[in-house]
Structure formats: structure tokens, C-alpha cells
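Per chain, numbering begins at 1; letters A, B, ... match sequence-line order.
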Amino acid sequence: MDLPKTFDSKAAEERWFQRWIDLGYFKADPAREGKVFSIVIPPPNVTGQLHLGHALNVSLQDIIVRTRRMQGYNTLWLPGTDHAGIATQNAVEKDLAREGKDRHLLGREPFVKRVWQWRETYGGRILNQLRRLGASCDWSRERFTLDPGLSRAVTKVFVDLYNKGMIYRAKRLINWCPRCETALSDLEVDHKDVKGHLWYIRYPFADGHGGVTIATTRPETMLGDTAVAVNPDDARLSSYVGKTIRLPLIGREIKIIADAAIDREFGTGALKVTPGHDPVDFELGSRHGLEQISVLDGKARMNENAGPYRGLAREEARKQIVKDLDSAGLLEKIEPHSHAVGVCSRCDTIVEPMLSEQWFLRMKEMAARAIEAVRRGDTTFHPKFWENTFFNWLENIHDWCISRQLWWGHRIPAYRCVRCDHLIVAAERPARCPECDGSDIIQDDDVLDTWFSSGLWPISTLGWPDDTPELRRYYPTSLLLTGFDIIFFWVARMMMFGLEFTGKVPFKDVYITPLVRDELGKKMTKSKGNVVDPLDLMEQYGADAVRFTLAQLAAQGRDVILSHDRFAASRAFANKIWNAARFVMMNLDGADQPLAIVEIAKLGLAERWILSRLDSTIREVTRAIDAYEFNLAAMRLYQFIWHEFCDWYIELSKEPLKSGGERQAAARWVLINVFDKMLRLLHPFMPFVSEEIWQVIRVYLDEPNLAAHLPIAKYPEASATNPLSAAEETAMNHCIVATQGLNSLRSLLGLHPGQAINGFVRPLPYRDVEFNYESDGTKQKLGIRFPEKPAVADSRLIAADVADFRTDFDRWKPYAVTMAKAETLTMLEPDQSKPPRTAGWVQGLIEILVKAPEDFDFQIATKALEKKLSELQAHYERDLKRVSDPEFQAKAPQEKREEIEQRVALTRGEIMSVQLQLSLLEGAESHGH
RNA sequence: GGGCGGUUAGCUCAGUGGUAGAGCAUCGGCCUUACAAGCCGAGGGUCGCAGGUUCGAAACCUGCACCGCCCACCA
């Protein structure tokens, strides 16, 4: 089998994705038996472009979806898009503007038609980009929030909530964007700090004398003032309460009122009250029954209530009014003042608090039920701390303004009889007015906030309000995976709607993804020009590498900071796997298809060892995915594949592969089987490279009902019993550590890697077994000759030989280095019966030193050893002190005491070893120079 | 004003009570027929600061600093 030297990611991506879809692997069948795993995609804006947030989101969803599918779950991942009312409408308006038109010129019908056209053009784009990432959605179930079925759900919800009295119409002070010319919800308003001014303006009493000075950041709204308020406890001003003021410039007479909410410290302590243009004043005005006067129109120009200023834009009016007040001698001073202004989150225009009649949804009760459901644990957030954020918002929730003065969206199912003005809320347009029987009935012009329909996404996409098989089978969904920026907009609303209309939470788990930032840790925005395009990344590194990198970076509770190095490393990883595959295939020439299964008992130590490492990897990866710890799963895979399988097992397999016979058969079988399981584990992370390789090796697999492709192959499970005994594990770890120790020694001594070193290491628990080591540099690890069967351990233990090495390899490793060296040393002690070959080891070392090259730097080597020695001594002393501390002996748990006592012995051995090495260096220096 | 998250090697991040870790980057040595997108080594950290709890703290508690984010009607 000929495989090219480097992995061609693009070819693999093109080869497999369409194939998987054509074969229907991603299709969900509600009729199928089995446990269910279901998830609905956070629908991207229909006209959106893929950004890294999507890429992260989709990669993580795909990892878990593919895993569950392979684990045999009845899996549904439902894709789709959101009509994204205001965002899309703005985009099309911008497009129109380029042609010198605007939507009003076009008219409502043609404009909406144009948006649909736009959707036809760009609507498929983002989903195609998700497919490029490998998203294994059931693409046959694609939904759009304006689909007829989903619209029907929206209408029903509106009508039901209206009939329950939860949706109502009211004239309130709402957020108004003068550019978009629509109402906005509180969430759609961003707050920005601006450096403004505080204008101090004297409002004279009605008799023309004296007056009260107020401080304001918005002088132009004074035209709508209907009172001046002071704190009743304010000694300076309370005597004025009840007096009348003549409002400058327009001459309206207003009263001075008292209200405890007034901050005496701010400004002059007197507040101009503008109920028509300020939320605080609106509240205050309602308490005192003040008139509400609006002085601005929908485009934020002064209206007919603004007298001489009518027609001016609000900024113009402000300048003019300040100027006029100054001429009138009423402007007392101007102070610089920073404060926050609300801006439209879509277009950044300063939002105007405006009096307006809108539709509202009462939230308190629904919010309370959502809180209760999360408290009960029906839904759990990951990471958990997001629950606080969720509670916090819901506990302080205000009614939701759901109507928008837009054209793109779900038109509100409310109708009005032209003749008698009767309001009818109904799913269908009524033919006649039930009050006056009039037939002239018009529908409300407004559409719903786009989040109203996305809030229904988990139920509407499954067919609600009908009782569909999908709804019954897949609802509640298993998981929602989304960004924190839409917890309020979307997650909370889905919770509330789901509970309200099905009595059940819409998802059991919510995984909140972190924010993706650029390499400098900055948020990516178009205006900063630091947006990294995932399509470029895929082009450069391949979809697998992009997915794997995002998974690695997605630690819970942290922002994802991009790093090109990481993408490059993942691409190298894909290539590494590819080359491992080439090695395996090269060595399977002429092998049976499928390979005959080899019993575990007939495998060598290295074979059993890699199988054992594989089991540990399977367990850890599975556990991490279950816990949504994608980064840990990815890291473990990387560690196993590269450092355990490639670095060790492949190297160790070379000799048996050449040997022919049973050992060759065993090595072949292990190579294929480990590779197979490894690819299955890897597949959810790197679907393309894994499939590309698996297709080549699958002919060797002997599995009943073997899947044709990886997406539906069975997910690996760890063996019930460890293929490696504790003793064998110890032996193998000794080999690894001995090899590393001697490689390090050679490097330290400045020897050429090709320089042969002969030596042996005897693992202490196996005193009658030795591992001969002959490294000639060209096959560094190959020289280890493993005993066919490790002999039973000798029970005699020397001082350094007390550690129980049945612990995790990584923790164990440093001790083993010590072991290898300590062995050497103990042999020098007089009371030991001295095994002859230990002296040989030392002898070998001396010979090497004698043969050291002319330019060998003894000073550097000595320095390094001395440093190491002092570190060891520090550790030794610390541990020794600890061990001899009576309190430690009294209070520390026994296992800890033992552990540290063992460490003391080991460190002591290692110290002696380093001392020996140092003395050898000294000797060699005087000898050789 | 309230709340949340973060601070560990040059960079990006693991590490929830027992000798500080990985990847990348750096340095040294290797073209060794799976892989130079590679292999073998090495250097590099008073774990943000100050207290406390503990036999023992990067980890647990308190306070502080700095970075980032969210919420909020001081005109």
C-alpha cells in the first residue's frame, strides 16, 4: 500500500464528508431503539459568515455528537439558521443604500421580497462553512426560524400568552433606535462611557425672579420637563417645594415637587423631571402623576412640542438651546462629566428613551420557574458558575418589549377593526370584527423580536405544537452548547418558553463556550481588523487541525486565545498520525486480511504495555468528554498517540516486525488493533484524517459486523482486565526510564548519537532479570532486549528499592531514573554481595569518558551535575526534616509518611549517584587531558 | 455601584493538600528508509502580593493589586 509522505487534508475532506451524508450516517430516526442524545444547533444568522465562535461551537458539538453516535446512542443534531430580524434587515438596507435606495422607497412587500432573495443568495453559505468543518448534523432536518412550521409555533405562543394575559400592549418608555427606527429590548442596548458635560441651568420662578438651578447632561430634553424635583430632606431646597417655575425658552409652568429618590449630593440637588425621555423621570413622573411630553420624533429630531426648535436633530437642538440659555443669562456653568449612554447594539447609534405603545411579555412568573428548574438540577450549567449569572439576570428581570418596527420577521398576529378599533389577537386573520361585524380589518404592522422565535427553537424545530415522534423522542434535548453572550437573549428565553409550553426544561446540560480572542488576547471585532477567518485557517492547516486546536484550547472557564503555533502543532500531529499509518502499512505487507487474533497471553511485554496504555487513554478520554473537558480529552489523545504509541511502541515493534514468526504476528496484530481503537477515539476530534487512514487499515480488522466507515463504527471500550500486570508495568517503566537516563547521559557527555554505549539496567524488583542496553545511536531504543517472561520479583529489597511503582507512569518516572542510578551505587557499598556486572556498568561509563572527544566540555558537564546535586540535597534535607518531625509522624496519614520515607531513600541514592558521576568526570578530566 | 472570571516557564495553557507539568518557542546534537510538519537531549518558574488554616499550600480561607467580562435608571 502506497501512501504519500504527507497528509493531504483537503483531499480527505472532500473525499469523505459528502460520502457520509449520502450514506445517511447522520440521519436521526426517532423510531430507532436506544438511548437518546439530542442537540439543536445554535442557529447562526442566516446571512452570517462563519467566524471562530461558530467554529469553536460547532467543533465541540461535533465532538460530542460523533462520540455519542459511535457509542450507539440514537443521536440527533438538528441544524438551521435564524432570520435574525434586525441584523439581516440592516444588512439588506446597507445593500440598498449602495444602490442609492432605501426600504421606504421600495415599500414593505418588495423589501421583504428582497430580503428573501438575499437569504436565497447567502442563506446557504454559513451552513456550507459548517459542513466544511465536518459538522455531522442531520442535514435533512435543516430548519429556518421563518419556516411555516416554526412560524406556526410562534403564532400559537403569542396567541396563547395573550390569552393568558401574559402578553399585553402598553404605552411605556422604551429604548428607541432612531437609525433603525424601532423599539429595542433592554438587552439590545449597549452602554458606553462618554465624556460629556454637565450643564447648570437656572430655572426662574414663575414670577420671573430667582429660581432653582438644575444640572443636566441633556439640556435639549428640558423642553419636555414637567417638574423639578428635590429631596424633601434637603434643607437648602425643601422650602421651594410647591412653588412654580417657568420653564425657560418655551415658558411652560411646572411645579417643584419633593421625592426621596433625589440624590442631594449630585449637581445642585435639584432634578429636572422629563418623564417622556428618561426612565428615572418616567418612574418619578408616574408616582407624582406628571404629564409625559415627548419632544422627539422617530428619527430623534425635535417634534411639534419643541416649539421653535422643531425639526432640529437632537444634537443641533442641544447646541442651539445651550446657546439660547446662555444669551438669556440662565446658563450658570458647564462642567466636564463622564457618563454612560445607551447605544444600539446593532448600529451603535445613541438610543433614545421614548414614550411608545408596544407589546410586552410579562416575565416574572416564567423567570421564577426557570430559576426553580435550574436550582432543582433539571438543567445544569457547565461551568457551573454561569448559573449565578443566569439567576442574577432572571431575578431582576423586567417585562420584555417584544414588538419591533421592522419588516423582516414574524408579523404580530394582532388585528384591528378599522371601523370600531377593536383589537383581535388570533392565529388567523379574522374575516369580520366580532364587535361590529366590520370587514375592514388590518394587521398590526410590527414584527416580533427575533429572539422570540429563537426562544422556541428546541420545541419548534421538533414539530411543536404538534405531538410529533421527534418531539416525543428527542425532547428535552441532552445538551445546549453555546456562547455566554447569549445566555440572556437565548438560553434564558428557551428555558422559560420550554417550561411554559411543555412543562419540561428544553435541555439537561448547558455548556457555555468561552470567548475566542486573538493572539494578543483582544476580542475579535471587524473594526479592529483582527478577525481571524476560520476558513483561512482550514485552508492553511486543514479542518482536522482547526478542530483539534479549538478543542485543546477550550478549557472551561477561560477565554480561548488563539495561537498560530497551536494550529501548526495540530497539523503536525495529523501528519504524525499519517506517517504512523505509513509505517504500519509498510509492515503489513503480505499479512492476512483480516489478521488472525493473537491471544493476550502470547504477547510480549511491550505489546501488553501499549494495550494497557490504550485502555487508560480510552478511560480518560471518555471520562473527559462526559465531563465536557474537551481540552483534557484532546491532550490525552495527543500524549498517547505521539508519545506512547509512536515514540515507544512503534520503535519497540521494529525488531519483532523484522523477526518473522510469532513475534511478528503479535506485533502486527497489536499495531493494527491499537491503531484501530486510537482512530476511533480520535475520530470525533479529527474526523477526516482518522477516516482516511481507517479505510486503509480496516481490511485487517476481524470484527463481526464491522462498520463501513468510522462515523458509525463502535466506540472503543477499555478492557475489563488490565493486559499488563503491575509487575510488568514496573518492568516496562524501568526500560523506558533506563533508556532515557542513558540517552541523557550520552548527550551530557557530548557523545555522538551514533556512539555505541553498552550497559545494562537491572530493575530492582526483578533482581534476576536484566535489561541489556546497547544503544548505537541509530536505533536508540531498539537495543533493549526484553526478557520473554519477567521473572518473579526477589523479595530482598535494598534501601532504594521501596517504592511501589504501580502508580501513574508520569509521576513515577523521575523516581525510576533514581532507581537506575541508585542500583549502581548500592553495589559499591561494602556489605552488599556485589553482583559482578554492576562493576561493568561503572566500567563502561569510565571507558566512555576516556574516549570522550577532545572538545568535550567537562566544566559544563560538571556544572550541570553540581546544580542537580544541590537541588537534590535541598529536597533531601526538606524531606528528611519532614520525616523526623514528630508532628508529621503524628498527623500525616500513613500512606503519605511511607511515600515520603521512600522518597528520602531514593533521593539519598540519587545524590550518591550524582556524586559518583561527578567524581568520574573529575577522574576522566585528569586522565584524558 | 453590584457580580463573575483570570493571574503558574518567553507564549498558550494543564495541575483542587505531599519533590512545580505539557505543547509551542529557545539552545545543543542528529538527514536514524514511518515522519526534518521528524528524532535524541538541555536550559528556563520565589505558581500576582500580604496574611491565615495545616505536620505540609500553586491548590483551602481573608484581604489587596492588576487584567478581562457581565449587570446597573446617579440626572
Side-chain angles (χ1 to χ4, degrees), chain A residues 3 5-7 191 198 214-218 229 261-263 265-267 270-274 278-284 337 339-340 353 383 385-386 388-389 392-393 396 484-485 487-488 514-515 517 519 521 523 552-553 555 557-566 568-569 571-587 631-632 635 638-639 646-647 650-651 654 740 743-748 750-754 776-781 810 814-815 864 871-872 874-876 878-879 882 885-893 895-897 899-900 903 907:
Chain A
L3 297 176
K5 232 178 162 179
T6 51
F7 170 58
H191 295 275
L198 205 52
I214 55 91
T216 180
T217 56
R218 299 203 57 194
I262 306 304
D263 180 356
E265 306 302 316
F266 191 90
L271 170 73
K272 73 191 252 316
V273 184
T274 323
D278 185 285
V280 182
D281 297 6
F282 181 84
E283 286 298 317
L284 211 150
H337 180 70
H339 59 119
F385 61 74
W386 286 113
N388 288 330
T389 310
N392 230 309
W393 185 70
N396 300 303
F484 67 84
D485 50 333
I487 289 180
F488 307 144
L515 191 70
R517 298 172 175 279
E519 300 204 45
K523 195 169 170 173
Q552 268 186 311
L553 294 175
R558 259 196 201 251
D559 290 345
V560 170
I561 298 189
L562 283 190
S563 150
H564 271 274
D565 287 343
R566 293 301 280 255
R571 182 185 52 190
F573 181 47
N575 198 51
K576 183 77 180 175
I577 300 163
W578 180 253
N579 277 291
R582 292 180 62 223
F583 172 83
V584 171
M585 294 314 293
M586 260 174 215
N587 283 287
N631 60 323
L632 299 183
M635 284 169 174
Y638 184 95
Q639 168 72 18
C646 293
D647 282 358
I650 284 193
E651 293 304 321
K654 285 177 178 174
Q740 289 176 337
N743 278 347
S744 169
L745 188 62
R746 184 193 3 244
S747 193
L748 177 71
L751 299 176
H752 189 277
D776 65 0
T778 56
K779 34 180 185 173
Q780 284 126 347
K781 293 165 189 168
D810 290 329
Y815 305 143
E871 277 173 10
L872 283 170
H875 285 159
Y876 180 70
R878 186 169 56 191
D879 278 345
R882 196 183 284 174
D885 179 2
E887 276 197 282
F888 173 77
Q889 285 174 7
K891 292 179 183 166
E895 53 187 79
K896 289 296 173 193
R897 286 202 316 269
E899 182 187 322
I900 291 169
R903 206 161 64 205
T907 312

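Under the side-chain hydrogen bond (donor to acceptor under 3.5 Å, both in side chains) criterion, A/Asn579 pairs with A/Arg582, not counting sequence neighbours. Remark: A/Asp278 engages no residue in a side-chain hydrogen bond (donor to acceptor under 3.5 Å, both in side chains) (not counting sequence neighbours). The side-chain hydrogen bond (donor to acceptor under 3.5 Å, both in side chains) check on A/Arg882 picks up nothing, with sequence neighbours excluded.
Protein atom CZ of A/Arg571 is 13 Å distant from nucleotide atom P of B/C24, rounded to whole Å. For the pair A/Gln552 CD and B/G21 C1', the interatomic distance rounds to 15 Å; values are reported in whole Å. Going from atom CZ of A/Phe583 over to atom P of B/C39 covers 14 Å, rounded to whole Å. In this structure, A/Arg878 places its CZ atom 13 Å from C1' of B/U46, rounding to the nearest Å. Atom C1' of nucleotide B/C24 and atom CZ of A/Phe573 are separated by 15 Å, given to the nearest angstrom. Between the CD1 atom of A/Ile487 and the C1' atom of B/C69 there is a distance of 12 Å, given to the nearest Å. At whole-Å resolution of the value, CG in A/Asn396 and P in B/C70 are 17 Å apart.
Comparing B/C64 with B/G1, their P atoms are spaced 13 Å from each other, to the whole Å. When the C1' atom is compared between B/U8 and B/A58, the two are found 7 Å apart, to the nearest whole Å.
Looking at heavy-atom distances under 4.0 Å, A/Phe282 makes no contact with the nucleic acid at all. Within 4.0 Å (heavy atoms only), A/Tyr638 reaches sugar-phosphate atoms of the nucleic acid but no base atom.
Closest approach of A/Arg566 to A/Met635, counting heavy atoms only: NH2-CE, 4.5 Å. Nearest heavy-atom pair, A/Ile262 versus A/Leu271, reported as atom, atom and distance to 0.1 Å: CD1-CD2, 3.6 Å. Among all heavy-atom pairs drawn from A/Ala892 and A/Arg897, the shortest one is O-NH1, 3.0 Å.
Of the two residues contacting RNA chain B, namely A/Arg582 and A/Arg566, the nearest-nucleotide position lying further toward the 5' end is that of A/Arg566.
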Restricting both atoms to N or O, compile the protein contacts to nucleotides 72-75 of chain B shorter than 3.5 Å, with distance only.
unit_1 : atom_1 : unit_2   : atom_2 : d
B/C74  : O2     : A/Asp263 : OD2    : 2.8
B/A75  : N6     : A/Asp263 : O      : 2.6
B/A75  : N6     : A/Phe266 : O      : 3.3
B/A75  : N1     : A/Asp263 : N      : 3.3

What pairs of nitrogen or oxygen atoms, one from the protein and one from nucleotides 51-56 of chain B, lie under 3.5 Å apart?
unit_1 : atom_1 : unit_2   : atom_2 : d
B/C55  : OP1    : A/Lys891 : NZ     : 2.4
B/C55  : O2'    : A/Asp885 : OD2    : 3.2

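Contact check, A/Lys5 against B/A37: no side-chain N or O comes under 4.0 Å of OP1 or OP2.
Distance from the side chain of A/Ala572 is smallest to B/A37 among B/A37, B/A14, B/G23. Of the candidate nucleotides B/C39, B/C4, B/A34, B/A34 has the atom lying nearest to any side-chain atom of A/Ile650. Considering only side-chain atoms of A/Phe488, the nucleotide from B/C71, B/G23, B/C35 that sits closest is B/C71. When each of B/A20, B/G23, B/C35 is scored by its nearest atom to the side-chain atoms of A/Asn575, the top-ranked nucleotide is B/C35.
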Task: Pairing annotation in dot-bracket form, given for RNA chain B with Watson-Crick or G-U pairs under 3.5 Å and | for cross-strand partners - done: ((((((((.[[[[.)..(..]]]].(((((.......))))).....[[[[[..)....]]]]])))))))....
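The backbone N or O of A/Phe7 lies less than 3.5 Å from a partner atom in the side chain of A/Asn575, making a donor-acceptor pair.
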